[in-house]
Amino acid sequence: MKTDIYLYNSLTRQKEKFVPVEEGKVGIYVCGPTVYNHSHIGHGKSYVSFDAIVRFFRFVGYRVLYIQNITDVGHLTDNADEGDDKIEKEAKKDRVNPMAVVETFMRSYFENVDKLGVGRPDISPRATGHIIEQIELARILVSHGYAYEAGGNVYFDVSKFPDYGKLSGKKVEDLIAGARIDVRGEKHNPADFAIWKKAEAGHIMRWPSPWGEGFPGWHLECSAMSMKYLGNSFDIHGGGLDNQFPHHECEIAQSEAATGKPFVKYWLHNNMVTVNGTKMSKSLGNFVTLKDAFMKFDPTTIRFFILQSHYRSPLDYSDEAVEGAGKGLERLKNVLVQLMDLGADENARVDFENLPEEPVNLRRYYDEWLAAMADDFNTPSAIAVLFEMLKDVNSIIGTGGVVTVALASVLYAFTRALAGDVLGIIPAESQHGREVETDLIRLMIEMRADARKDKNFKLADTIRSELQKIGVVLEDKKDGTTTFKVSR
RNA sequence: GGCGACGUACCCAAGUGGUAAGGGAGAGGUCUGCAAAACCUUUAUGCGGCGGUUCGAAUCCGCCCGUCGCCUCCA
């Protein structure tokens, strides 16, 4: 590995050096969405954050197995394990099969995060595809005495698992004292949680089990699926801070009670998104879906905006802030265009072991970037390093310094690798677009150059402004040449 | 009520004991037919407030104010 990685472990509440369960490999599980609605900007933050983390692990040489589930069993909208199943509620509204609702929003989810440059997980297991594993896990818990059946429901007995609360810092007594919920009489202890639920009449999604027809409790799927693909003990489990309790706490209890082994080594939690300072909620009408956001901003800009703050910091979404981020990103992308104009080879590779120190100190910038990323994935600091490098490069270009094709190529590849491959804030496609379009634009530039020579500035300006309308921005250089960039 | 975070310039945001990164916006300048881009200069004696520890604190401690999250489905 190129470097040691330190990460903040929610379980121990401190930064720790990452030591994998198995040398050279990382097993990571991240809680995926419940697909009953369009994804919002909060989902965006979570999945972009973990995407950057996964990309970084791969960059430094780890073999990563990334699992992210799709929750396609609805679970309940209400407290006290009552209320409607969210997916079924949606299905009844539209008079369609619940699985059709799942399909619709699962596709929507992937379309959205694809646009954000989030790499697909290696495996996207679905809860309904792992009912057998979940029943088996519940069966083990019952047979080991950690869970009990009551009226067709199966509950985890919190009193049998003394470590319950170790992740969230909660005490079972406090939970009972502060309980705002009506306690189900059949539970032994108010803090006990359902791992299998009886399907009442009219409940559509149901499966046979040793306890009659029913469906799995929410927490069970993540235990069953993570351990199936990553083993009983694995490296990293991630998710939103709002899932720390009860979801992740319950996962630990179920998994460790069933296997007798430590479940997860490092817990990573990303912080939440607020909109104009307040929590997103449908009732407040400030619910920003990714679809909405993409109407106003380029998805890459949204990604950049997300990564410009730390994953463990809360992020406040506002048009003003995203606009500001977009302008900054534009500058970053612009340097690549400039380097291309200097003849940079698009396919050049960087040798990180052997970076130049003059005239741009890439050695130092790389060390700083790496240190930032290795320190709990500090993407804001890493981005700041890229901006410092950019300033250096522009300064040389702007003051007429000599940038050889070889240097331009190294700078280009360096920026592409760090900003593109790892952070994902530079889209992969060529800035200059397709050949025919490029030739056409060059033709317009020549025509405009003739107009300028004749002092026909009216025509010259018309050409420039009309091209700008279709997203082609012309820039006249000092030496009389004109370059362009495509800004969409 | 219980638990936990956070509060850094006009906006966004790093920094967890050694004297305030970075981005946006603003101001002035260089370049230019004009733009745009780029570069240079500039914008917090101060990091919510008040105390304390220390040679030294945005960073540690205490209290207060404010915001957010969790305790109930949630990324």
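Residue numbers begin at 1 in each chain, while the letters A, B, ... track the order of the sequences.
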Taking only residues two or more places apart in sequence, or in another chain, which ones meet A/A325 in a side chain to side chain contact (heavy atoms under 4.5 Å, CB included)?
-> A/F304, A/F305, A/Q308
For A/V385, which residues count as a side chain to side chain contact (heavy atoms under 4.5 Å, CB included) partner, sequence neighbours excluded?
-> A/Y365, A/E368, A/W369
Give every residue pair that meets the salt bridge (Lys or Arg N to Asp or Glu O under 4.0 Å) criterion with at least one member in residues 238-252 of chain A, sequence neighbours excluded.
-> none
Listed once per pair and sorted, the salt bridge (Lys or Arg N to Asp or Glu O under 4.0 Å) pairs that draw on residues 317-328 of chain A, sequence neighbours left out = A/K296-A/D319
Table of protein N/O atoms under 3.5 Å from nucleotides 17-22 of chain B N/O atoms:
residue: B/A21; atom: O2'; partner: A/E388; partner atom: OE2; Å: 3.0

Side chain to side chain donor-acceptor pair (under 3.5 Å) involving A/Y229 - partner list, sequence neighbours excluded | A/H130
Strand-adjacent residues in residues 46-53 of chain A, judged by heavy atoms under 4.0 Å from RNA chain B | A/S46, A/Y47
Consider the side chain of A/E475, meaning its heavy atoms from C-beta on, and name the nucleotide among B/A36, B/A14, B/A5 that approaches it most closely.
-> B/A36
Quiz item: cation-pi between A/K115 and A/F294, 6.0 Å / 45° = no
Which residues pass the side chain to side chain contact (heavy atoms under 4.5 Å, CB included) test with A/T482, sequence neighbours left out?
-> A/I445, A/R448, A/R452, A/L474, A/D476
I'd like a table of atom pairs between the protein and nucleotides 7-11 of chain B - only N or O on both sides, under 3.5 Å - with the distance next to each one.
none

OP1 or OP2 of B/A25 sitting under 4.0 Å from any side-chain N/O of A/K327?
-> yes
Report, as yes or no, whether the 6.0 Å neighbourhood of atom NZ on A/K453 holds more than 12 heavy atoms from other residues, nucleotides or ligands.
-> no
Can you list every pair that meets salt bridge (Lys or Arg N to Asp or Glu O under 4.0 Å) and has a residue in residues 27-51 of chain A, with sequence neighbours left out?
-> A/D51-A/R55, A/D51-A/R303
Please list, for nucleotides 31-33 of chain B, all pairs of protein and nucleotide N/O atoms separated by less than 3.5 Å.
residue: B/G33; atom: O6; partner: A/R452; partner atom: NE; Å: 3.3
residue: B/G33; atom: N1; partner: A/D461; partner atom: OD1; Å: 3.1
residue: B/G33; atom: N2; partner: A/D461; partner atom: OD2; Å: 2.9

Just list the side-chain donor-acceptor pairs under 3.5 Å for residues 116-125 of chain A, sequence neighbours left out, or say none.
residue: A/R120; atom: NE; partner: A/D114; partner atom: OD1; Å: 3.0
residue: A/R120; atom: NH2; partner: A/D114; partner atom: OD2; Å: 2.8
residue: A/D122; atom: OD2; partner: A/R58; partner atom: NH2; Å: 3.0
residue: A/D122; atom: OD2; partner: A/Y66; partner atom: N; Å: 2.6

Assign A/H269 to base, sugar-phosphate, or nothing according to its heavy-atom contacts below 4.0 angstrom with the strands shown.
-> nothing
